[in-house]
Structure formats: C-alpha cells, structure tokens
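Below you'll find the structure, written out as structure tokens, and then a few comments.
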Number of protein chains: 2
Amino acid sequence: MPTRDAAQRREDAAQAYDAYLASCPARQLVDRISDKWVTLVISALADGPQRYSDLSRRIAGVSQKMLTQTLRSLERDGLVSRQVTPSVPVRVDYELTPLGLTLMPLILHIKAWAECHMDKVATARQTYDATK
Amino acid sequence: MPTRDAAQRREDAAQAYDAYLASCPARQLVDRISDKWVTLVISALADGPQRYSDLSRRIAGVSQKMLTQTLRSLERDGLVSRQVTPSVPVRVDYELTPLGLTLMPLILHIKAWAECHMDKVATARQTYDATK
DNA sequence: CAGTATCCATCTTGATACTG
DNA sequence: CAGTATCAAGATGGATACTG
C-alpha cells in the first residue's frame, strides 16, 4: 500500500502548481493584461491623461462597474495614477504612470504581431472548422 | 422627445463595440494569449515537440479537460500541430507550427518585462493596500 | 461627474467517471 | 495513452438603481 493515493498526489501537484503560479512574474503579468478591459484602457490612456467620462465614452460598451474596477486594479498595480480635482462637480483624471508607460511598447508589439499574423490565424480557423 | 432613449443608445454603443472587438486583431490576440493555459503550453512546447502525457506532467495542475481544450484551440488557430502515431497504445505529439514559433519572441518579451518590473508592481500593490 | 451597491444570468473551470 | 462526457460550483460581467 502506497503512502499516498492518486487524489493525494494530484492535490500535491495542484499546490505545487499554485506556488509556481504565485511566484512566476510572467504569469502575473499575463493575468493582468489578459483582463478584458485592461489593454483598452491602457491604449486609451496612451494619448495622454483622460477623464473618467472620456474613458467611458472612448471605450464604448464598457459598463461603469467594469471601467471603475479596471481603473482601480491598474491604480493598485501602479500602472495608472488617479487625480481628483475637488471642484463641483468633481473631476477625476487618469494617467499612465512611468511604470505604465514602460508597458506600452509591449502592447504595441502585441498589436504589431496581431496585425501581421492574425489573418493567418483566421485562415487556420476556417480550414480547421471546414475539416472538422 | 428624442428618437432614441438612453437604453437604445447604450445598445447601439454595445453593438458598435462588439463590431470593433470582432474586427480588432490585437483584441483577438489578447483574448488568445490571455487564456490561463495558453502561455504555459506554448512555453512548454518551446523546448520542442512534446507528448500529451509530457505536457500534462510539465504543466502540473492542469486538468485533462483544460489541457485538451487548450491544445485544440491552439491547433485550430494554427499555432500548434498535432501528430498521431497509431501504435498501441496510441501516441500523440504536439509541436509549435512556424506561425506558433513567431509568437514565441512575443511571449519572451512579456517574460522579460515581467521579470524586470513585476517587483515594482508588487510593491505598488502593497503600498496601495496599506493606504486603503 | 464619478462613482457605489445589489442582483442575477452566463461563462468558465474542475472533479469525476468512462472509453477506443 | 489520450482522450470524451457530464455535472456542479465559483468567478465574471452586465443591468439597474442610488449617492456625495
């Protein structure tokens, strides 16, 4: 009789994996930019500081909840800064931080790859779907 | 009375946004690499062809369902090829396609950025959480 | 203007069991 | 070995209503 059954081993593997995930910086970044709205917000802010209402207009289709949530998480990660002007009505501007700016080229590279190769991906999909 | 109420306008915006999403190649790519397992599978395959069982062992914590699902989607996108050897028991090897290989440098860049800057992100998170 | 709070549908994920 | 099928649970996101 083994000291560990299959379920136990699987649990161990899952825990080891979680630890790996938690310590893997690339994984964390991917989790970050993989958010549905993060890249859109960063792209929008690439043109300079924007007000909350500007962002919600530029990123059509985003709900207040998601926009706020995305901005909060980016602010928490130090990628975006938030500045409140206590006028009436209140005005809030968002801006990429220096750290956020270093992430920009990365997103541009992704865009460039996509623009070069996504047509091939689309073709591959059609071929695959037709074959299936 | 306006010809469109607020709900109507929001719906229009959402549809326009969907159309934008559907036609935006960068968006599609982000959707692709943002998958929880895609980057891990591609990283694993960076070292060369791997069998299904090898992959499931290297990417500890992935369920059969998710591994299969991820491999299928990558195959569909033309990023990974699947080769079946009809022996007994059957053997299946997965390998990056030329297209998949062009995606590699991108992922390496992401890794490089992460390794350089994620400590700052971690610090920013701690500061934010402490302030809050 | 710039949010917060709540509810609810849906999508995703994983555990489990079974198969050629 | 390399899957497929099914079901339950948690995460996700959007609609809606309200506020300093």
Give every pair of a protein N or O atom and an N or O atom of nucleotides 5-13 of chain C that lie under 3.5 Å apart, one pair per line with the distance.
unit_1, atom_1, unit_2, atom_2, d
C:dT13, O4, B:K65, NZ, 3.4

What pair of heavy atoms forms the shortest contact from [X] to [Y], and how long is it?
X: A:T85; Y: A:V90; result: O-CG2, 3.5 Å
X: B:T97; Y: B:G78; result: OG1-O, 2.6 Å
X: B:I107; Y: B:S43; result: CG2-OG, 4.4 Å
X: A:Y52; Y: A:Q64; result: OH-O, 3.5 Å
X: B:L55; Y: B:L71; result: CD1-CD2, 4.0 Å
X: A:A44; Y: A:R58; result: O-NH1, 3.7 Å

Measure from [atom1] on [X] to [atom2] on [N] and round the result to the nearest Å.
X: B:R57; N: D:dA2; atom1: CZ; atom2: C1'; answer: 12 Å
X: B:L67; N: D:dT4; atom1: CG; atom2: C1'; answer: 14 Å
X: B:Y94; N: D:dA2; atom1: OH; atom2: P; answer: 8 Å

Exercise for the section: Specify the residues of residues 72-87 of chain A, ordered by number, for which at least one heavy atom lies under 4.0 angstrom from an atom of DNA chain D. Expected result: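 Listed by number, there are none.
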Would you please confirm or rule out a distance under 4.0 Å between OP1 or OP2 of [N] and any side-chain N or O of [X]?
X: A:R51; N: C:dC1; result: no
X: B:S53; N: D:dA2; result: yes
X: B:Y52; N: D:dT4; result: no

Handout entry: Neighbour count >12 (heavy atoms, 6.0 Å) for atom NE2, A:H109
Key = no
Exercise for the section: State, to the nearest 10°, the angle formed by the axis through the first five base pairs of the helix from C:dC1-D:dG20 to C:dG20-D:dC1 and the axis through its last five. Expected result: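 Rounded value for the end-axis angle: 50°.
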Practice task
Would you confirm whether A:D35, through its side chain, and A:W37, through its main-chain N or O, come within 3.5 Å as a donor-acceptor pair?
Solution key: yes
Exercise for the section: Taking the side chain as every heavy atom from C-beta outward, state whether B:M118 and B:W113 have any atom pair closer than 4.5 Å. Expected result: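 Answer yes - side chains close enough.
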Exercise for the section: Taking the side chain as every heavy atom from C-beta outward, state whether A:E95 and A:Q50 have any pair of such atoms under 4.5 Å apart. Expected result: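 Sidechains of A:Q50 and A:E95: no contact.
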Handout entry: Stepwise side-chain contact (heavy atoms from CB on, under 4.5 Å) check, B:H117 with B:K120
Key = CA-CA 5 Å; B:H117 298 98; B:K120 293 173 190 161; 3.7 Å; yes
